[in-house]
**Student:** 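Please find one structure pasted underneath; my questions will follow.
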Amino acid sequence: MSGAGDAFRFVVDESSLDFRGFDDAELTWHLDRLSQTLQTLRTEATVAVFSLIFDTQCLDGTELGNFLFSRESDRISPDVRRLLGIQLDRCPSWDEGFAVNTPTEVQIADVPIDPAWSVGYALYNTTIGYNTGCVVFAARHYDWLSVSGDDHVGEVCFLTDTDGLPVFWQGLFRREDIQEAEFLDHATRAFPNLICAPGLRFGAFDGSYREMRDWTVHVLSVLDAHFAEALTSCNGQAHQVQARLGSKGVTVSQESPSTRSKPKVIAQRDVKYGGEVYRCEWHAKKEGHRNRIHFALPDSKLGDRILIGIFTDHLDT
């Protein structure tokens, strides 16, 4: 294995498997969460491990394999331990047949970690234009963090559970230079709370795909994570929703009463999807006079997701 085509999309960070400092209830919860995270991730992509992961010292004098599979320990439920052991055992080894020397000592956000074989592997992958997410135990790392090792420097995404998956997929638009033809397909994983209408075209903006992509990704990421919650917590009050999303760096607004009072004009915001018509009268603005993303309110017919209906320079008002 030497090229991006052979690389794994996710690995388990064995250096994070330190179970010291947790009481029994906490440890049980974190072990179960890691099992569930691996189980879900493996439905999306292959998750790999370092071949010696079961030799990792997870407790003083105790290797991970002994902890997970020993019948003598009754501290943690054997079912919980066994489930994690099964999930890890089903993961292939990324270093099997891997001929490239990767960093074993790394710095994660300036914190030295030694050894950290899988993080080093993920860091190496950034140098060949491929990003590998690191699944970590408990909450030591989260999000995209600066990592360095040997002569390599890059950003690696660390996930403690599947809630971090959208952040990982969103980060690939820029880091892997997702092209326009691939944007909508990639968006299905990057923005799970949104539905992008098939007719969306970057050519409808006043600006090239390259100029508009990063702003569009930022808008969609904020809508995906915060719009529905803001709408609920603000009781649908538009100015409060605007303020909430404005704090996230996105300018949104609902169409004015004047625009809504003009049938032909407001109908420009109607988008047909799945045999239904949705009115996309909320919009995000890149600039005051041009470039809008129009979207509808969350709808039960869409599984409470938000339809992103229109990319445009500007609609009539």
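Not measured: the values here are computed from a predicted model.
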**Student:** Can you check whether R9 reaches L172 side chain to side chain, under 4.5 Å on heavy atoms?
**Tutor:**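 Sidechains of L172 and R9: in contact.
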**Student:** Give, for atom CG of D206 and atom NE2 of H289, the distance between the pair rounded to the nearest 0.5 Å.
**Tutor:**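 Going from the CG atom of D206 to the NE2 atom of H289 covers 7.0 Å.
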**Student:** Just to verify, what does S221 make a side chain to side chain contact (heavy atoms under 4.5 Å, CB included) with, not counting sequence neighbours?
**Tutor:**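 Residues passing side chain to side chain contact (heavy atoms under 4.5 Å, CB included) with S221: Q170, F191, H218.
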**Student:** Do we get R244 above F227's six-membered ring, with its NZ or CZ under 6.0 Å from the centre and within 45° of the axis?
**Tutor:**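 No, R244 does not lie over the aromatic ring of F227.
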**Student:** State whether the side chain of W144 and the backbone N or O of V167 hold a donor-acceptor pair below 3.5 Å, judged by distance alone.
**Tutor:**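 Flag set: sc W144 to bb V167 pair under 3.5 Å.
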**Student:** Side chains of V217 and R174, heavy atoms from C-beta outward: is any pair under 4.5 Å?
**Tutor:**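 Side-chain contact under 4.5 Å: no.
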**Student:** Restricting to ring pair (Phe, Tyr, Trp, His ring centres under 6.0 Å), what partner residues turn up for Y273, sequence neighbours left out?
**Tutor:**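 Applying ring pair (Phe, Tyr, Trp, His ring centres under 6.0 Å) to Y273 gives none.
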**Student:** Roughly how far apart are F67 CZ and L17 CG, rounded to 0.5 Å?
**Tutor:**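 Here the rounded value is 10.5 Å.
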**Student:** So W169 and I178, do their side chains get closer than 4.5 Å, heavy atoms only?
**Tutor:**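 Not touching, per the 4.5 Å side-chain cut-off.
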**Student:** Side chain of R81, backbone of S70: donor and acceptor closer than 3.5 Å?
**Tutor:**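 Yes.
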**Student:** Could you tell me whether the side chain of L38 reaches within less than 4.5 Å of the side chain of L84, counting heavy atoms only?
**Tutor:**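 A side-chain contact exists here, since the closest heavy-atom pair is under 4.5 Å.
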**Student:** Before you tell me yes or no, could you show the steps for F54 and V49 under side-chain contact (heavy atoms from CB on, under 4.5 Å), namely the whole-Å CA-CA distance, both residues' side-chain angles and the distance that decides it to 0.1 Å?
**Tutor:** CA-CA 10 Å; F54 289 113; V49 298; over 6 Å; no
**Student:** Please report the interatomic distance CG(D79) to OG1(T28), rounded to the nearest 0.5 Å.
**Tutor:**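 Result: 11.0 Å between the selected atoms.
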**Student:** Would V147 and H152 count as a side-chain contact (heavy atoms from CB on, under 4.5 Å) here? Give the steps.
**Tutor:** CA-CA 8 Å; V147 177; H152 304 308; over 6 Å; no
**Student:** Please check if any side-chain donor atom of D177 sits under 3.5 Å from a side-chain acceptor atom of Q179, or the reverse.
**Tutor:**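 The criterion, which ignores hydrogens and geometry beyond distance, is satisfied for Q179 and D177.
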**Student:** Are any of the side-chain heavy atoms of V106 and V156 separated by less than 4.5 Å?
**Tutor:**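 When only atoms from C-beta onward are counted, V156 and V106 do not touch, as no gap falls below 4.5 Å.
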**Student:** Just wondering, do I108 and F158 contact through their side chains at under 4.5 Å, heavy atoms?
**Tutor:**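 SC-SC contact between F158 and I108 confirmed.
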**Student:** Going from CZ on F69 to CD on E63, what distance comes out if it is rounded to the nearest 0.5 angstrom?
**Tutor:**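 One finds 13.0 Å between CZ of F69 and CD of E63.
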**Student:** Can you tell me if T127 uses its side chain to pair, donor with acceptor, with the backbone of L123 under 3.5 Å?
**Tutor:**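 No, T127 side chain to L123 backbone: no donor-acceptor pair under 3.5 Å.
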**Student:** What distance do L245 atom CG and E229 atom CD have between them, rounded to the nearest 0.5 Å?
**Tutor:**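 Taking CG in L245 and CD in E229, the distance rounds to 9.5 Å.
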**Student:** For I306 versus A228, what's the shortest heavy-atom pair and its separation?
**Tutor:**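 Residues I306 and A228, closest heavy atoms: CD1-N, 4.5 Å.
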**Student:** For L31, is there any backbone N or O sitting under 3.5 Å from a side-chain donor or acceptor partner on S35?
**Tutor:**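 Pair found, side chain donor or acceptor close to backbone of L31.
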**Student:** Would you find a donor on one side and an acceptor on the other, under 3.5 Å apart, between the side chain of E255 and the backbone of I266?
**Tutor:**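 No.
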**Student:** Can you name the nearest heavy-atom pair linking H283 to K285, along with the distance?
**Tutor:**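 Closest approach of H283 to K285, heavy atoms only: NE2-CE, 3.4 Å.
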**Student:** Quick one: closest heavy-atom pair of S148 and V153, and the distance?
**Tutor:**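 Nearest heavy atoms, S148 then V153: CB-CG2, 4.0 Å.
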**Student:** Quick one: do F22 and L34 end up in the same hydrophobic cluster if we chain Ile, Leu, Val, Met, Phe, Trp and Tyr together by side-chain heavy atoms under 4.5 Å apart?
**Tutor:**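 Both belong to a single hydrophobic cluster.
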**Student:** Near D151 CG, under 6.0 Å, is it more than 12 heavy atoms from other residues, nucleotides or ligands?
**Tutor:**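 At most 12 heavy atoms, drawn from other residues, nucleotides or ligands, come within 6.0 Å of this atom.
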**Student:** Can you confirm whether V250 sits close enough to H226 that some side-chain heavy atom of one is under 4.5 Å from a side-chain heavy atom of the other?
**Tutor:**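 Not in contact.
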**Student:** Walk me through whether F19 and F137 qualify under ring pair (Phe, Tyr, Trp, His ring centres under 6.0 Å).
**Tutor:** CA-CA 9 Å; F19 302 159; F137 174 76; 4.8 Å; yes
**Student:** Ignoring hydrogens and geometry, is there a side-chain-to-backbone donor-acceptor pair from E176 to N131 under 3.5 Å?
**Tutor:**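 Present.
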**Student:** Between E14 and S118 (side chain of the first, backbone of the second, donor and acceptor by atom type, cut-off under 3.5 Å), is there such a pair?
**Tutor:**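 Side chain of E14 to backbone of S118, a donor-acceptor pair under 3.5 Å: yes, one is there.
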**Student:** Should V136 and I113 be counted in the same cluster of Ile, Leu, Val, Met, Phe, Trp and Tyr side chains packed under 4.5 Å apart?
**Tutor:**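 Linked within one cluster.
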**Student:** Could you grab the distance from atom CZ of R201 to atom CD1 of I310, nearest 0.5 Å is fine?
**Tutor:**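 Here the rounded value is 11.5 Å.
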**Student:** State plainly whether the residues D89 and R82 are in salt-bridge range, i.e. N to O under 4.0 Å.
**Tutor:**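 A salt bridge is absent here (no side-chain N lies under 4.0 Å from a carboxylate O).
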**Student:** Without swapping roles, check the side chain of R269 against the backbone of V265 for a donor-acceptor pair under 3.5 Å.
**Tutor:**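 Checked: pair present.
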**Student:** Here's a test for you: under side chain to side chain contact (heavy atoms under 4.5 Å, CB included), which of I195, L194, D299, L297 qualifies with L307?
**Tutor:**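 With L307 as partner, side chain to side chain contact (heavy atoms under 4.5 Å, CB included) holds for just one option, I195.
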**Student:** With H314 as reference, evaluate R292, E287, R290 under the side chain to side chain contact (heavy atoms under 4.5 Å, CB included) test and give the passing residue.
**Tutor:**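 Checked R292, E287, R290 against H314; only one passes side chain to side chain contact (heavy atoms under 4.5 Å, CB included): R292.
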**Student:** Keeping the roles fixed (side chain from D95, backbone from S51), state whether a donor-acceptor pair exists under 3.5 Å.
**Tutor:**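 Checked: pair present.
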**Student:** Ring centres under 6.0 Å, that's the criterion: do F8 and W94 meet it?
**Tutor:**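 No - the distance between ring centres of F8 and W94 does not fall below the 6.0 Å cut-off.
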**Student:** Would the distance check show the side chain of N125 and the main-chain N or O of Y130 forming a donor-acceptor pair, the cut-off being under 3.5 Å?
**Tutor:**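 Such a contact is absent between N125 side chain and Y130 backbone.
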**Student:** Can you name the closest pair of heavy atoms from A238 and Q254 and give their distance?
**Tutor:**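 Taking every non-hydrogen atom into account, CB-OE1, 3.9 Å.
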**Student:** For F168 and F10, take the angle between the two ring planes, folded into 0 to 90°, and tell me which bin it lands in: parallel under 30, tilted 30 to 60, perpendicular over 60.
**Tutor:**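 Geometry flag for F10 against F168: tilted rings.
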**Student:** For the residue pair S15 and P115, what are the closest heavy atoms and their distance?
**Tutor:**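 Scanning both residues completely, I find the closest heavy atoms to be CB-O, 3.5 Å.
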**Student:** Can the ring centroids of F202 and F205 be said to lie less than 6.0 angstrom from one another?
**Tutor:**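 Centroid separation for F202 and F205: below 6.0 Å.
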**Student:** Inspect the contact between D60 and R20 and indicate whether a charged nitrogen and a carboxylate oxygen are less than 4.0 angstrom apart.
**Tutor:**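 So R20 pairs with D60 through a salt bridge.
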**Student:** Which heavy atom of S261 sits nearest a heavy atom of S258, and at what distance?
**Tutor:**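 Looks like OG-O, 2.7 Å.
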